[in-house]
2 protein chains.
Amino acid sequence: MNTLSYGLLAMLTGGPRTGYELMQQIQPLWRAKHSQIYPLLAKLEQSGYVRFVPVAQKEKPDKKIYSITEQGIAQLRQWIPNTTSEPVKRDELLLKAYCVSLTDPAAAKSLIQARIALFESKLEKYSQMLAELKKELDGELSFTSPGFGNYILLQRAVSNSQAELEWCGWVYGLLPSTASV
Amino acid sequence: MNTLSYGLLAMLTGGPRTGYELMQQIQPLWRAKHSQIYPLLAKLEQSGYVRFVPVAQKEKPDKKIYSITEQGIAQLRQWIPNTTSEPVKRDELLLKAYCVSLTDPAAAKSLIQARIALFESKLEKYSQMLAELKKELDGELSFTSPGFGNYILLQRAVSNSQAELEWCGWVYGLLPSTASV
DNA sequence: GATTGCATGTAACTAGTTACATGATTGT
DNA sequence: ACAATCATGTAACTAGTTACATGCAATC
């Protein structure tokens with residue numbers, strides 16, 4: 001049982017999903033490719049933590065709808081209070097930032113602009129998702145409601161994207177203005 | 001040449017360092033163990049991107065002081081404008097957050113408290129480093145000054161730690177107050 | 001006609017972690 | 001006594017990525 005396996009179980013507490021849907025849902029929390037997820041789901045099934053129902057489709061490939069079992073929930077419950085490993089962040093941009101003086105300001109600017117574009121799209125996506133969730137919850141947000149986890153994570157994703165954009169803007173302002181051709 | 005290799009070259013633009021020092025310096029930007037770094041340094045040396053001077057020490061193990069070569073700098077220069085890969089973040093806490101309703105509020109609180117402790121220590125560390133760097137730079141911060149990269153990265157580390165703590169505090173406030181025994 | 005989305009899976013590879021190995025000094 | 005810091009390295013393992021494989025529908 002590695003962390004991703006627990007993560008997949010965690011996602012399944014939100015309801016039954018296909019491997020493909022799990023793969024998409026877990027991305028913002030734990031990046032993983034389908035080639036890593038499918039074998040883990042097979043292991044989880046063998047261990048009795050999840051089960052699946054095969055669903056045949058006509059115009060799309062057949063699929064397997066996974067749900068978490070009682071055993072799986074027990075497994076999650078004992079995992080949560082365990083020591084949480086330190087978050088890992090690996091960002092090539094930060095390595096480039098360290099030696100950015102090696103290049104001209106124009107190159108530095110396009111570096112930052114690419115990052116701004118990336119996080120603007122993320123911000124938009126997460127803001128929308130948060131707005132929709134808020135509509136659904138309709139003011140009824142409490143620890144016990146099933147959308148609670150989702151809510152605090154979306155709020156985080158939004159404020160995180162905003163912080164990223166602020167930093168980018170600040171750095172951009174520090175770069176010397178290049179008199180354009 | 002993988003990203004970590006470029007990262008090591010990037011760190012060496014700040015001056016000559018031992019493998020051990022490089023390992024420590026790169027941690028906040030790109031987590032890596034010494035067992036990954038030493039073999040990469042050997043490869044970089046064989047490729048001519050770095051060179052080292054062996055230094056014998058009496059009361060400590062001998063060491064190798066690495067510096068970046070002209071070729072290494074050229075390599076960095078061509079790397080910077082390349083497409084930057086998306087940052088990867090993997091945080092077990094977020095997976096736990098998604099299914100936190102499975103546990104009691106007390107467990108959720110200690111989860112958050114552990115994270116608060118972690119980032120309070122980080123904030124303290126980075127704030128100190130930033131304050132020292134500001135003293136050194138003494139108002140003279142510009143794109144071309146060698147401390148520029150360090151400066152923008154430390155500023156980021158500080159504001160990032162603050163944002164993390166804010167989110168933790170906000171979540172903590174949402175958790176139901178447990179009437180203690 | 002080419003790409004994207006749905007949907008699953010395996011094979012081959014690279015990246016990253018843990019453990020083994022050594023050894024003196026300093027602090028608890 | 002025991003752990004931590006400095007300092008390097010290798011071996012064995014796990015985790016994660018890229019590539020291969022299939023196939024139909026809709027969109028561009």
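A note on names: the letters A, B, ... follow the listed sequences, proteins ahead of strands, and every chain is numbered from 1.
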[X] [atom1] to [N] [atom2]: how many Å, rounded?
X	N	atom1	atom2	answer
B:Met23	D:dG9	CE	C1'	12 Å
A:Lys33	C:dA15	NZ	P	14 Å
A:Met1	D:dT14	CE	C1'	15 Å
A:Phe52	C:dG9	CZ	C1'	13 Å
B:Leu40	D:dG9	CG	C1'	13 Å
B:Arg31	D:dG16	CZ	P	12 Å
A:Leu41	C:dA7	CG	P	14 Å
A:Ile37	C:dG9	CD1	C1'	13 Å

Subject >> CG-CG distance between B:Leu153 and A:Leu94, expressed to the nearest 0.5 angstrom >> reply: 6.0 Å
**OP:** Check each residue of residues 58-69 of chain A for a non-hydrogen atom within less than 4.0 Å of any atom in DNA chain C, then write out the ones that pass by number, or none.
**Re:** A:Lys60, A:Pro61, A:Asp62, A:Lys63, A:Lys64
**OP:** For DNA chain C, find the residues of residues 8-22 of chain A with a heavy-atom distance under 4.0 Å and give them by number; none if there aren't any.
**Re:** A:Thr18, A:Gly19, A:Tyr20
**OP:** May I ask you to establish whether B:Lys109 and B:Tyr172 are in a cation-pi arrangement, using a distance under 6.0 Å from NZ or CZ to the six-membered ring centre and at most 45° from the ring axis?
**Re:** yes
Under 4.0 Å between a side-chain N/O of [X] and OP1 or OP2 of [N], yes or no?
X	N	value
B:Trp30	C:dG16	yes
B:Tyr38	D:dT8	yes
B:Arg90	D:dG16	yes
A:Gln36	D:dT14	no
A:Gln57	D:dA25	no

**OP:** Select from A:His34 and A:Asn2 the residue whose nearest nucleotide in DNA chain D is closer to the 5' end of that strand.
**Re:** A:Asn2
**OP:** Indicate the ring-plane relationship of A:Trp79 and A:Tyr6, choosing parallel, tilted or perpendicular according to the 30° and 60° boundaries.
**Re:** parallel
Within 6.0 angstrom of [X] [atom1], more than 12 heavy atoms from elsewhere:
X	atom1	answer
A:Glu124	CD	no
B:Arg51	CZ	no
B:Gln78	CD	yes

**OP:** Walk me through it: do B:Glu86 and A:Lys122 pass the test salt bridge (charged side-chain N to carboxylate O under 4.0 Å, His left out)?
**Re:** CA-CA 12 Å; B:Glu86 260 199 68; A:Lys122 286 200 180 183; 3.4 Å; yes
Subject >> Flag for A:Lys43-A:Ser5: side-chain donor and acceptor within less than 3.5 Å >> reply: no
Original post:
So, are B:Arg156 and A:Glu166 salt-bridged, with charged N and O less than 4.0 Å apart?
Top reply: no
